[in-house]
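Here is the structure we will look at, set down as structure tokens.
FYI, the numbering just counts along the sequence from 1. Any value given below was found using the heavy atoms of this structure, including those in side chains, with hydrogens, waters and symmetry copies removed.
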Amino acid sequence: VSSIQDCIDCEVLELVSVQGGIMASYRYTLLPTDEGYTRLKLQVSVRAMGLWKLLRGMVAKAVAKSDSNQLARFMAFVMAR
């Protein structure tokens with residue numbers, strides 16, 4: 001479960017998910033293009049707390065693998081609206 005951490009002028013949306021000692025932040029940025037389309041940029045950061053710091057690298061790779069479809073899922077959500 002994620003919660004909206006920040007929403008700036010409907011151009012930037014940040015979702016944060018916390019599970020145990022791991023916090024993942026997903027920052028979506030909508031960028032207009034010269035062709036009249038919108039480009040979606042996703043930045044993901046993973047923060048480890050406590051003993052999870054020792055496994056941060058492995059956790060970050062696991063998050064990247066499990067969330068590799070985030071942009072497609074976000075696009076499908078927007079297009080359905």
Closest non-hydrogen atoms of Ile22 and Ala48, given as atom of the first, atom of the second and distance, are CD1-CB, 3.9 Å
Measure the spacing between CZ of Arg56 and CG of Leu54 and express it to the nearest 0.5 Å. 12.5 Å
Applying side chain to side chain contact (heavy atoms under 4.5 Å, CB included), can you list everything that pairs with Leu42, at least two apart in sequence or on another chain? Tyr26, Tyr28, Val44, Gln70, Leu71
For Met49, look at atom CE and say whether over 12 heavy atoms of other residues, nucleotides or ligands are found less than 6.0 Å away. yes
Distance from Leu40 atom CG to Leu31 atom CG, nearest 0.5 Å? 8.0 Å
Distance check, rounded to the nearest 0.5 Å: Arg47 atom CZ versus Trp52 atom CH2? 15.5 Å
Tell me, which pairs form a side chain to side chain donor-acceptor pair (under 3.5 Å) where one or both residues lie in residues 37-46, sequence neighbours left out? none
Min side-chain heavy-atom separation Val16-Met23 under 4.5 Å: yes
Side chains of Thr29 and Glu11: is there a donor and an acceptor less than 3.5 Å apart? no
